[in-house]
Structures are given as structure tokens and as C-alpha cells.
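Everything numeric here is computed off the predicted structure, so don't read it as measured data. In each ligand, atom 1 is the first atom listed, and ligand 1 is the first ligand listed.
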Amino acid sequence: MKFRLSLTFVCCLLSALSEIKLVSSAKILAVYAFPGKSHYMMHTALIRELIESGHQVTMIAAFSLESQSLGSNYTELLIEPVYDFWHDVKLNFGVEHLFDLTQMTNYDFLKMLEIIGLKTTEHALKQPKVQKLIHAKETEGVFDLLLAEQFYQEAFLALSYKYNIPIVTTSTLGYENHMSQMMGLISPWSFVPHGFMPFTDRMSFVERLRNTYVSLYEDFDRLLNYFPKMDAIATKYFNTVLAEVPKVRHMETQISVMLLNSHAPLTTSRPTVDSMVPVGGMHIYPPKQLPRDMQSFLDGATDGAIFFSLGNNVQSKEMPPEMLRLFLKVFGSLKQRVLWKFEDESIGQLPANIMIRKWLPQADILAHPNVKVFITHGGLFGTQEGVHYAVPMLGIPFYCDQHLNMNKAVLGGYAISLHFQSITEQLLTHSLLQLIHNVTYKENIQRVSRIFRDRPLEPRKNAVYWIEYVIRHKGALHMRSAGLDLTWYQFYLLDVIAFVAATIVGVFLLISFALRLLRSHKQKQQKEKAN
Ligand SMILES: *[C@@H]1O[C@H](CO)[C@@H](O)[C@H](O)[C@H]1NC(C)=O
Ligand SMILES: *[C@@H]1O[C@H](CO)[C@@H](O)[C@H](O)[C@H]1NC(C)=O
């Protein structure tokens, strides 16, 4: 008995080992060609984790990961120069500063994402290093998996056809409504808010109306306007190496697993499939020691400290001068110390309680117990860090999902959100004092933080697990929704509804016809009787 047991054990162990060995060192082709600094927080964490897990990564990179010292198992195809897509934004939409983005409509944002997506994709595809990869003679067994960003770079999915490998994508924005088309599921617009709308999952009639309109608009816009343009790019760069370049619309349905920068309770409950895996918070590591000056600045903040950062894109130094004066005046009147990410350190005339730096280790600062308030633009990464370290937030959202993130935070009772152009001295002072002294904000964010951290597997490990899973199971086709192979009228059951409706109408017509026949028969009989 004992012998049999241990034999079974050894067998299990051996098969487990051989299974693990199968992916102990996979060759992964990663494409992170979109030059968004914040996006790279997620990419960097994932690539690092893959390398540390023993895999080999070749990456088409918008930014270099040289500083990460990833060793010889990491090969970088750096896109040079870095594409300045804000230049396109300023050109196409007439915005002078990113502070003006609050005035843009959602339709403009959608258009903006599409424009910068098309431009940056083509810029990357043109690179000689990327061309070499596209035109390589040898393709069999060169790579095991294509890792790509789920963000307006769809032409790159053609690499999975070139190298005959499955696809895993990573979405820095988390869930988006248009993903339902590529994953074969339905996102009910009645309670799933569009990512750019400042709504939550509880919408009024008018909000549902607007949510439906925007979601529908985006779906049609992608299908009729954006995809043809991305298809043209894919064809231009891949038609010499692929017998037939698949349409973007089709390539997207071949994604094996999508890793989403999101997690409950920051995402509300919504329909999903097994192949959509939330891994939000991948970029958060255990806190590191702060630089000495910052450490002592925060340690000495006996009344607490405020941390102010508007992220990588919106620069505080470009703030209109009257707003800058307003912020300085309010901060100067507080007992708390203020640590401010400000890109121009020569600003001068700072109140004594303010420290500014061009760059700040955001997460490590938020981890400091004296930090009482985080003033943020509401980007997804920063919001996650704020939640992780349970720091109440003052949101000043500018564009895209920032409104949604802050709206959720306000509804969760752990943030106050202000419209940048409407900020006044009184409003700012009052909001900050509330966040500092009113304990409900702290209590709420501590509760949310506990939920956000409570997971079966920490996010980086989870992401690597699913990537290895896709490699182990050769694309994991069993997870693919069969809805992807239905036509649109089958998918929405329109054929069944039409059939049932036709049957009901048919039966109704039949009955009314029979009744009419009966009546005319009776009338005839009566006439005959009368005669
Ligand atoms: C590269 O990966 C292989 C296979 O996992 C491993 O044996 C080797 O130590 C790695 N090299 C470095 C420099 O990490
Ligand atoms: C604390 O904040 C909550 C939520 O905004 C609010 O309802 C309450 O009135 C505040 N309490 C005080 C004392 O201001």
C-alpha cells in the first residue's frame, strides 16, 4: 500500500516536472510598441517577472528596459526615436496644453486614440529591426508565444501568423466594452459603463441612453472607420510574408488570453469569459527605502503630508499661472507638508512646507504612514497604488478613463473629485481638510484596500501562470468562446427571435383566417336559410 502510494506520488511528481519543464524556458516575442510611459509600468513588471521565471523574451520596445538589468535572456528591439504622439494630438485637436484635454469630447478621445494608435504602429513597423523580424526566413520554433498590448496596435497580431504562435494580450486600461467582440461575449450596456464615460454600474435612464450610444458608436466606428485603416497597415507590412493577411477583426478573435490591468473592487462585476484574467496592480512591489531627503521630509510631517502628482503626461509646470498661484497659496496655508511632482525645480518662492521634485517614487511615497492625501489625475496605475496603500484621494481627472476611475472612487467614499477648471481656493482647502480630518474617507479606503489585496495568487505570478498555461495548452483553444464563430444575428439570437415572432404571427394569421372562413360560412348559411 505504502509502496503503491509512493509510486503514484513519484509518477505524479515526474509528470508534473515534465509539464513544468515544458515551459521552464519559453521563447516569448513581446510587442510593446506604444510609447505611453504609464503603460510601461505594467509592461516592465510583466517582462521582469517572465525573465525571473526563466523565460527568454525578445521585445519590440517603445522604451528601453536597459535599466532593469534583465540579463542575456532579454533581447530588445528598441524603436528609435521615441514617437512623439502628443505632437499629433496637439496638431489634430488644437490643444495647446494637456490641461485643455478636459474640454475634449469622448468622440474626440476615441479619434485621438485611433490616430495615435495608427501612427505609432506604423512608426514601429517601419523600423529596420522590426522589418528583419517580419521578413525572417526561419519561423518554426523560433518563438512560443506572442505577447502584445491590447491598445490600438492590432497590426502586430499578424506576427502570430508569421511565427505560428498563440497570442496573449495585456490591457493597461483594464476592461473595455469593445472587448466583447473579440472575446465572444455580451457586455450589457445597462450596467456596464463605457470606459470613457463618467458613470458607474448604477446608471439612470439618461446615463444608460448615453452609455448605449457611446458603446454602439465605438463598435461601429471600429468596424467601419478604424479597422479598415489598421487593415491597410497590416497588409502593407505583412503581404510579402503572409499568403493572406487576415483582417484585424478576425485576428482579434484569435487572442487566447487577455490580461487586464484591473481587479475587484476597482472593477465592478460584469460578464466575462475564462480567458479574460484580471491582474491589476502588477506594477506594485513591496515598498523600497525612500531617498534620504524625502524620507526625513515625510518623517517630520507630524501633521501629515499631501502627495501631489498628475502623472507622466500632464505636467504640473505647464499649469496656467493663476492655478499655480492658487495651489501654492492653499498649500502654504496648511499645517501639512506637501510633496509635489513638479517638473521645473527652479520655480522659486516656495512656502516652507512644500518640497518639489522632478521625479518621485510614487508608490514608495504612498506607502509612508504620514501621507494622508494623494492628489492625483486619476490614472489607473496611480489609483491602484492609492488603493493598495489606503491613501484617500483628491482627484483632478483630465481624460479617458480618469473620470471613470475617480467617479468610482467618489462613489466608494474614499475620494473627492474636482473639475480642474472649476477649482477655487475655498473648494480646494475644504476638500483637502475633509480628506485629512474626516475619518470616513480613510475607513472606506482601508476596506477597499483589503478587498483589492485579497487574491488567490499575487498579480505578477498570476499573469505568468496564464502565459505559461497558454503555451502548455498550445493556445488553450478550449477557453475560446464559441460565440466568436457565430454570425452576428445568430450571436444575438435574432434568428431565433425572428423565428418565434414569425411563428406567433403565423399562428395568429391562421386563426384569424379560420375565423373569417367560419364567419363567412355562417353568413352564407343564414342567407340560404332566409331565402
Ligand atoms: C537564461 O535562461 C536559461 C533557461 O531558463 C537559464 O538556464 C539561464 O540561467 C538564464 N540566463 C540568465 C543570464 O539568466
Ligand atoms: C464626512 O464625510 C462624509 C462623506 O462625505 C459626510 O457625509 C459627512 O458629513 C462628513 N463629516 C463631517 C463632520 O464633515
Pairwise, report which nitrogen or oxygen atoms of ligand 1 are under 3.5 angstrom from protein nitrogen or oxygen atoms, and how far apart they are.
| residue | atom | partner | partner atom | Å |
| --- | --- | --- | --- | --- |
| ligand 1 | 2 (O) | Asn73 | OD1 | 3.4 |
| ligand 1 | 2 (O) | Asn73 | ND2 | 2.2 |
| ligand 1 | 5 (O) | Gly54 | O | 2.9 |
| ligand 1 | 11 (N) | Asn73 | ND2 | 3.1 |

Checking Lys37 against Phe63: charged group under 6.0 Å from the ring centre and within 45 degrees of the axis?
->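 Geometry flag: set, cation within 6.0 Å and 45°.
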
Ring center gap for Tyr163 and Phe143 short of 6.0 angstrom | yes

Give a yes or no on whether the ring-centroid distance for His39 and Phe151 is below 6.0 angstrom.
->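 Between His39 and Phe151, the centre distance is under 6.0 Å.
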
Are Arg48 and Glu52 within salt-bridge range, i.e. N to O under 4.0 Å?
-> yes

Assess the side chains of Asp144 and His55: does a donor N or O sit below 3.5 Å from an acceptor N or O?
->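 Side-chain D/A pair, Asp144 to His55: absent.
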
Within-shell test, Gln434 vs ligand 2, heavy atom, strictly < 4.0 Å = yes

Considering residues at least two apart in sequence or located in another chain, which fulfil the side chain to side chain contact (heavy atoms under 4.5 Å, CB included) criterion with His377?
-> Leu310, Phe398, Gln402

